[in-house]
Amino acid sequence: MRHRMHALCSYFAMFPESFAEHWLSKLTAPGDTVLDPFCGRGTLPFQALLMGREAIGCDTNPVAYCISRAKTNAPSKRAVLARINQLEESFEADRIVGEQLSELPIFFKHAYHKHTLMQLVYLRNTLRHRATIVDGMIAALILGSLHGETDRSENYFSNQMPHTISTKPDYSVRFWKERQQRAPKRDVFGILRRQLDYRYVEKPPAGRASIFNTDMRNLPRLKSKFNSPIRCVVTSPPYFDVTNYAEDQWLRLWFLGGPPQPRKQQFSQDDRHSDVNQYWTMLADMWRMLSLVLDKKSDIVIRIGATRLAPEQLVSGLHAVSKVASRRVRLVDSHVSEIVKRQTEAFRPGSRGCRVEVDCHFRLI
Ligand SMILES: C[S@@+](CC[C@H](N)C(=O)[O-])C[C@H]1O[C@@H](n2cnc3c(N)ncnc32)[C@H](O)[C@@H]1O
């Protein structure tokens, strides 16, 4: 059975765990160390731990960091439950929240029932999600339920929304007003306890991954923190002109302490490239970084996609920019696949979508 922690929180352009599992089985053995420099929701590091590998992940986005760290450094269920109960008890006595609600943009009034929003604002104020892994896990569970398809499930706190990206505030308010759709009353603490039971049905792996909230270009400077040589990378950099992770995650970023509205390119200049030259420059930087952190004879698997580039252009472009690496890079194989669920089209109104993905296997000599 698929480990339920994998789907702790959905993430735009995530790859399936079967993809990570396939390449880890093919290219690594138990005890090896693997890296994903654009780890998103942590699919690769988590799957690596399940398979007895050591794992390192990195991402600029605090949402990605929170989810990846929670699932790859999972605290005991008992500790998380005790903390949820304690938070619920102290919520009754909290008084500041009411004032804070009135300062939030109108979007929040339509997105959440007042009681649910009070609980969320209280938890946002109280959780020390970076300081402790218990609070980190609770924050990750909240991110997973913060918005979603309320029509189908009572596991989401919000009015009807997609579960991978947060829609733009004006669009959402118009949508809810036109349909007279009211936010349901949800008990955050009850949902958290239910989610905790569900995610912990199977024990999380005993191993711990190292997750960094930083730009992948900084990894060479962090090399002293890696315990053993890295010989395998399985990753998926931002696709060309498809999404902006900071903007599309604005509501989850708000919960983690960010502003209550979308902000462009808040964490990474690489989130959405519409200029192809800049895009190849970012991928050249990735090759430079990889040639500095990887051991001899390393395997690198890259899944990539684009709206305005043909698959052949992606493969040849990726290979061409690898020339900046101070070491030789050989293309072992590449494979083009049709995106079956078309996530980009399903969740972004008016999106042209991303139709193909390419998987490239390189060897760094
Ligand atoms: C295609 S997603 C990766 C999804 C991941 N494979 C998963 O399964 O969830 C690309 C990720 O790259 C991150 N990113 C963008 N620029 C970055 C940079 N310069 N360094 C590290 N991460 C970056 C984005 O925040 C995003 O999470």
Side-chain angles (χ1 to χ4, degrees), residues 3 5-24 27-28 30-75 129-130 133 136-137 139-140 143-144 204-239 245-246 249 252 256 267-268 270-271 282-283 285-286 289-290 292-295 298-304:
H3 199 296
M5 202 66 91
H6 259 306
L8 181 61
C9 179
S10 61
Y11 200 78
F12 194 75
M14 55 199 174
F15 50 51
E17 51 269 24
S18 54
F19 173 79
E21 187 184 8
H22 168 80
W23 287 105
L24 288 170
L27 301 173
T28 66
D32 285 354
T33 302
V34 298
L35 165 69
D36 184 347
F38 302 96
C39 71
R41 65 165 186 165
T43 317
L44 190 271
F46 186 68
Q47 184 61 36
L49 295 186
L50 288 176
M51 294 170 71
R53 277 68 168 164
E54 307 276 323
I56 301 168
C58 156
D59 203 292
T60 41
N61 192 317
V63 171
Y65 173 74
C66 177
I67 308 165
S68 296
R69 190 185 66 143
K71 59 169 74 159
T72 62
N73 290 267
H129 57 88
R130 282 192 178 257
I133 54 166
M137 175 57 83
L143 296 183
R208 297 276 182 257
S210 303
I211 305 293
F212 300 98
N213 187 194
T214 188
D215 192 300
M216 52 85 195
R217 295 171 186 85
N218 295 325
L219 285 174
R221 263 173 268 158
L222 297 166
K223 211 175 158 184
S224 61
K225 299 191 180 206
F226 307 160
N227 296 330
S228 36
I230 309 166
R231 289 195 199 90
C232 179
V233 169
V234 180
T235 195
S236 175
Y239 289 8
Y245 290 90
Q249 304 270 358
R252 289 173 178 167
L256 294 180
F267 301 103
S268 170
D270 302 329
D271 263 353
M282 182 264 289
L283 291 169
D285 288 347
M286 173 197 74
M289 175 279 290
L290 291 177
L292 292 172
V293 302
L294 296 187
D295 205 26
S298 295
D299 288 290
I300 299 157
V301 176
I302 299 175
R303 171 166 279 192
I304 199 167

Measuring only between side-chain heavy atoms, which start at C-beta, is [X] closer than 4.5 Å to [Y]?
| X | Y | answer |
| --- | --- | --- |
| D285 | M216 | yes |
| P37 | M289 | yes |
| V293 | V233 | no |
| I302 | P237 | yes |
| M51 | P30 | no |

Which heavy atom of [X] sits nearest a heavy atom of [Y], and at what distance?
| X | Y | value |
| --- | --- | --- |
| D59 | N61 | OD1-N, 2.9 Å |
| E54 | G31 | CG-O, 3.7 Å |
| M282 | P238 | CE-CD, 4.1 Å |
| T43 | A20 | O-CB, 4.4 Å |
| L143 | R252 | O-NE, 3.4 Å |

*Parallel, tilted or perpendicular: which fits the ring planes of F226 and F212, with parallel below 30° and perpendicular above 60°?*
tilted
*Should R53 and D32 be marked as a salt bridge (Lys or Arg N to Asp or Glu O under 4.0 Å) after you check the CA-CA gap, both sets of side-chain angles, and the distance that decides it?*
CA-CA 5 Å; R53 277 68 168 164; D32 285 354; 6.0 Å; no
Out of curiosity, [X] [atom1] to [Y] [atom2], how far, rounded to the nearest 0.5 Å?
| X | Y | atom1 | atom2 | value |
| --- | --- | --- | --- | --- |
| I304 | L283 | CD1 | CG | 5.0 Å |
| C232 | D295 | SG | CG | 12.0 Å |
| I56 | D36 | CD1 | CG | 11.0 Å |
| L24 | E17 | CG | CD | 12.0 Å |
| D299 | I230 | CG | CD1 | 13.5 Å |
| L27 | H22 | CG | NE2 | 7.5 Å |

*asked:* What verdict does the side-chain hydrogen bond (donor to acceptor under 3.5 Å, both in side chains) test give for D215 and T60, after you've listed the backbone C-alpha separation in whole Å, the side-chain angles of each residue and the deciding distance to 0.1 Å?
replied: CA-CA 5 Å; D215 192 300; T60 41; over 6 Å; no
Could you list the donor-acceptor pairs under 3.5 angstrom formed by side chains in residues 62-74, with sequence neighbours left out?
residue : atom : partner : partner atom : Å
S68     : OG   : G40     : O            : 2.8
S68     : OG   : G42     : N            : 3.1
S68     : OG   : A64     : O            : 3.0
R69     : NH1  : R130    : O            : 3.3
R69     : NH2  : H129    : O            : 2.5
K71     : NZ   : H6      : O            : 2.8
K71     : NZ   : R41     : O            : 2.8
T72     : OG1  : S68     : O            : 2.7
N73     : ND2  : R69     : O            : 3.3
N73     : ND2  : A209    : O            : 3.2

*Hey, is the main chain of R303 close enough, under 3.5 Å, to the side chain of S236 for a donor-acceptor pair?*
yes
*Any residue meeting ring pair (Phe, Tyr, Trp, His ring centres under 6.0 Å) with F15, in chain and number order, not counting sequence neighbours*: F19
*Show the numbers, then the answer: is there a side chain to side chain contact (heavy atoms under 4.5 Å, CB included) between V34 and L44?*
CA-CA 8 Å; V34 298; L44 190 271; 3.7 Å; yes
